[in-house]
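Comments concern the structure below.
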Number of protein chains: 2
Amino acid sequence: MTQKKLDNYWQHSVTVDTVVFTIEENELKILLIKRRNEPFRGLPALAGGFLQPNERLEDAALRVLADKAGLQNVYLEQLYTFDEMFRDPRGPVISVGYFALTPRNSIVFKNDKQIEEPGLYSLKHLPKLAFDHQSIIAYALKRLRAKLEYTNIAYSLLPKQFTLSQLQKTYEIILGLKLDKRNFLKKYLSLGLIEQTDKFFSAGRQRPARLYHFTSKKIAELKRWF
Amino acid sequence: MTQKKLDNYWQHSVTVDTVVFTIEENELKILLIKRRNEPFRGLPALAGGFLQPNERLEDAALRVLADKAGLQNVYLEQLYTFDEMFRDPRGPVISVGYFALTPRNSIVFKNDKQIEEPGLYSLKHLPKLAFDHQSIIAYALKRLRAKLEYTNIAYSLLPKQFTLSQLQKTYEIILGLKLDKRNFLKKYLSLGLIEQTDKFFSAGRQRPARLYHFTSKKIAELKRWF
DNA sequence: CCAAAAGTGTTGACTGTACACCCATGT
DNA sequence: ACATGGGTGTACAGTCAACACTTTTGG
């Protein structure tokens, strides 16, 4: 070990910031938390926090999600590492961005005495955000849309059993377009990712819809479609 | 500013490591540099270095490429941020991985007195590498192959003017498969990315090949093909 | 004139897209 | 009975994949 300490001298603050997507009331929403500290006190921000010593990046992201929204078993994927945080008034900070997907009902807001206010915000009317989190969100949305088209990550947004309408609506909401019912079904079934159960779901005065489930929980890479 | 210094207290070493791809002698090669310091002294490693105070991540990558291989104007893209560097004997290090593309003749090895030995290594027979750089390379290769199929980044590996054979060979070498000459040309021309010049390139006793050039230097996102 | 790479079209298979009606249920 | 979303097939168009011979040059 002739390595001099000097080479290793400069150190940097590192944060992990996660864009948590979920679907609620037929809208794509993200989890934001009002900051209770400066800078940007009072503005909503992504679920984030400083990386602690000897902590893995992904573990830090998971820790923050569990602490702030009771989240467990989410789909989590690293996005990009931003240094726009040079705009952080406290000085340079490296921010490793993640994105997460979860069904709405897995989010449990903890109401402890801290003034932090977590909430779900529709992507359609986002308020002004802390830091440059706006651009991290834009990046995450782009990635989400791309991945939806060539993987089965939709799995992570849906309950274990779901109707074809729910599945299709998930795609429509995220991609922002209308899809043809028959073509959608045809393609999706041909992929072999889902199969029908013998259960049905009844919602009011309509014909009950058959419930389906994903055959594999593993995230699969598929050929691009649409 | 009620922010306590505590929140910001933990600091981390951050390195930037770049996988530089180029094509030489009909092979895909990467730039590696023999380490002259511990740890892993003597083993080849990616072009990398510590992020300096107040330096942007991308600037750090560019600085290292310019210093170690005289590279200018490369295509550079952030890959992923690794914390496998927990295996670094010196302690935890965050490594932001980049990948770069450049034509072979843009690489100029500087032979200063330092014992660093930069060189191009074929991906087919890589030696044992320092750190976990093997896995960064695997990741970069995956990304390169994917991007080749839906963007025009091939542009960054070729000279300003090139023959169709060169272009096709670039794809074949990177993707590791043989492509049909007519189908390749048909698709590529239909994208409108390249156009023919009125110049020809003569290589020995064959019919001279027409030279083409890219119409736009901007990296375009295309629909996936192949 | 020979070797070597350049250049050039057609066909069949497949995949994607557009499109409309009957069904089962709750009220 | 009716309103509501559930469920189903076909035909056309566009894209992809396979395939072989002639041309031009240098030696």
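Chain letters run A, B, ... following the sequence lines, proteins first, then strands; residues in each count from 1.
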[X]: what forms a side-chain contact (heavy atoms from CB on, under 4.5 Å) with it, not counting sequence neighbours?
X        : value
A/Lys199 : A/Gln161, A/Thr197, A/Leu211
A/Ile173 : A/Ile23, A/Asn26, A/Leu28, A/Lys169
B/Ala66  : none

Review point. Which letter, B, S or -, goes with each nucleotide of nucleotides 19-27 of chain C from 5' to 3', with contact meaning a protein heavy atom under 4.0 Å?
Key: BB--BBBB-
Rounded to whole angstrom units, what separation is found between the [atom1] atom of [X] and the [atom2] atom of [N]?
X        : N     : atom1 : atom2 : value
A/Phe184 : D/dG9 : CZ    : C1'   : 19 Å
A/Lys169 : D/dT4 : NZ    : P     : 14 Å
B/Gln196 : C/dG7 : CD    : P     : 9 Å
B/Lys199 : C/dA6 : NZ    : P     : 19 Å
B/Glu172 : C/dA5 : CD    : C1'   : 13 Å

Does [X] have any salt bridge (Lys or Arg N to Asp or Glu O under 4.0 Å) partners at least two apart in sequence or in another chain, and if so, which?
X        : answer
A/Lys128 : none
B/Arg143 : B/Glu77
B/Glu24  : B/Lys29, B/Arg104
A/Arg63  : A/Glu55

Check your understanding: Is any side-chain heavy atom of B/Val20 less than 4.5 Å from a side-chain heavy atom of B/Ile30?
Key ->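 They are not in contact (no side-chain heavy atoms under 4.5 Å apart), so the answer is no.
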Point to revise | End-to-end axis angle, where each axis spans five pairs of the helix from C/dC1-D/dG27 to C/dT27-D/dA1, to 10° | key: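 End-to-end axis angle for the helix from C/dC1-D/dG27 to C/dT27-D/dA1: 0°, rounded to 10°.
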Review point. Under 4.0 angstrom, heavy atoms only, what part of the nucleic acid is B/Ser165 near: base, sugar-phosphate, or nothing?
Key: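 Result for B/Ser165 = sugar-phosphate.
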